[in-house]
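Bear in mind the structure is a predicted one, so any value in this text is a computation, not a measurement.
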Amino acid sequence: MTETSDIPQRRPLARIGAFVAERRGLVRDYLSAISGAGGRLVFSLAYFIALANTLSIAEFGMFATASAAGVMLSRILAFGFISALYRTATIRPNLIGTFTAGFLLLGVLSLPLLAIASYGVYLIFFAGTVPLSVFAAIVFAEALLWRPVEVALIVNNGLGKFGRAALLAILATALRAGGAMLFMLAAQRTLGVWSCYYIGANAASLLIAFAFFYPRQRLRLRLELYLRRLADSIYVAGAEVLFYLQMEFDKLLVLAIGGPHLAGIYAIIMRLVDLTAIPIRTFSMMLVQRMMRAPELLSRLAVKSGIEGGVFLVSTLALAALGIVLHFFPNAMGRNVAEAAPLVALAICVPGLRNLVEYQAELLFARGQTAVRALNLGLLAGLKAVLLTYVLTTIADTPNLVLSLNIVFLLLYLASTLLTYSAMRRPAKAV
């Protein structure tokens, strides 16, 4: 017979056991997700080394800039309805088929706007440097081939299937790396030829993603559900375009003001910076999912500052490690990368500050504050344009230009912090 006095002793033990079990599941999910980030990091590095040393520095700069523009423009696809699909996978997975049908319908309807916006961006930034056919091929690969692959990744992550998402991320990045290695063996190694290889690699990723990784649910059109969420999706699409404009505007400005060769040097440095963000994005993705279910997760200052300090430290150490390797072995990543190797360490604070701006934007998305997020990102894009235009037009020396980027990104981070945490004082919106 159980004694009444035993019950209070068992309750704390039960709570401790539940706490440990819950954290064990969280750690397991994070390890599954970070394995995809690790594999993606390896193949992204292989892809970068192969491509950066096959194209000339100027052509690599043109491709990196056109690709960045394509990523930005891809957020127009389906008018941002991908956000509704992600929320559905996270909160109401039984409606994935219904919202996938909505994504396909809105994707078709968004194509004229995507084409018009792409041509406008081409006329403003690329008309004098990149052939229209090449630019169109790169945007097609990013917006209509790679973006749907990201949809499959997003849905799997939303469902908590982090292992499947990790495997797809590795396979898709490996296909891009494989395409770059095949391109190294091509008879002609021009930007135009590479754009065809790029389409092929992304098309193969798309086929694999939807043949083997996308959840099997019947497609059902329910227009009333889509109309209810369309305004929020458009806010998200606008915010995403502004986010990537804010993130990638530097490449566009460097190409427009400094020319293709400087754009190539800059693209090599920023690509190494981008590599530091891969594990950070995995953490942000899982935090966003938790905040969708518990919006007050970051209500304590100690938690906010601890997470931001960790993001900055990990990002900075990652670039410092790359800088040390390239200092002692400048040719470790090929002859073209060696030209930019002495400049990498000068951008030491850029990865951490850049990743923090990206992380803060995700916090507002998690809380459903999509209109405020779009406004904030628009303000940051404008501030970045002003700061970078000033830097590019007043500093002619490349090392000093790279060094000044630390100040530029520090000012952007401070502005982002003020805007983000001011907005987070308001109540979160139901999603």
Side-chain angles (χ1 to χ4, degrees), residues 33-57 59-68 70-71 74 134 137-138 140-150 152-153 156 163-213 264 267-282 318 321-322 325-326 329 331-338 340-341 344:
I34 202 68
S35 66
R40 190 172 180 178
L41 180 62
V42 171
F43 285 112
S44 292
L45 188 59
Y47 164 71
F48 164 70
I49 292 172
L51 191 60
N53 291 288
T54 303
L55 292 171
S56 67
I57 290 180
E59 285 194 315
F60 180 76
M62 289 187 282
F63 168 71
T65 309
S67 177
V71 170
S74 73
V134 174
I138 294 170
F140 172 76
E142 295 288 1
L144 300 183
L145 298 178
W146 183 254
R147 185 57 174 160
V149 174
E150 290 183 327
L153 286 167
N156 276 285
R164 287 176 63 82
L167 179 58
L168 175 57
I170 292 170
L171 288 174
T173 312
L175 284 168
R176 281 185 166 187
M181 290 176 183
L182 287 174
F183 175 59
M184 291 177 69
L185 304 175
Q188 292 185 325
R189 290 177 284 185
T190 64
L191 182 57
V193 173
W194 165 241
S195 67
C196 297
Y197 279 82
Y198 196 56
I199 287 174
N202 286 294
S205 298
L206 180 62
L207 290 173
I208 290 173
F210 283 88
F212 300 104
F213 289 90
I268 288 172
I269 295 170
M270 295 309 293
R271 184 56 186 160
L272 293 173
V273 168
D274 284 342
L275 292 174
T276 69
I278 291 176
I280 301 298
R281 286 173 186 149
T282 302
L322 276 173
V325 170
L326 291 173
F329 307 99
N331 293 310
M333 295 184 183
R335 66 185 187 281
N336 283 353
V337 179
V344 171

Looking at side-chain heavy atoms only, is the closest gap between [X] and [Y] below 4.5 Å?
X      : Y      : answer
Asn202 : Phe140 : no
Leu272 : Leu326 : yes
Met333 : Leu322 : yes
Leu175 : Phe43  : no
Arg189 : Leu55  : no
Phe48  : Val337 : yes
Phe63  : Val134 : no
Val344 : Val273 : no

Any side-chain to backbone donor/acceptor pair from [X] onto [Y]? Under 3.5 Å, distance only.
X      : Y      : value
Asn336 : Thr54  : no
Arg176 : Ala201 : no
Ser195 : Gly192 : yes

If I take atom [atom1] from residue [X] and atom [atom2] from residue [Y], how far apart are they, to the nearest 0.5 angstrom?
X      : Y      : atom1 : atom2 : result
Glu150 : Arg147 : CD    : CZ    : 5.0 Å
Ile208 : Leu167 : CD1   : CG    : 9.5 Å
Arg164 : Phe212 : CZ    : CZ    : 10.5 Å
Met181 : Leu51  : CE    : CG    : 11.0 Å

Aromatic ring proximity Phe183/Tyr198, centre distance under 6.0 Å: no
Within a reach of under 6.0 Å around CZ of Phe210, are more than 12 heavy atoms found that belong to other residues, nucleotides or ligands? yes
Between Ser67 and Glu142: side-chain donor-acceptor atoms closer than 3.5 Å: yes
Classify the ring geometry of Tyr47 against Trp194: parallel below 30°, tilted from 30° to 60°, perpendicular beyond 60°. tilted
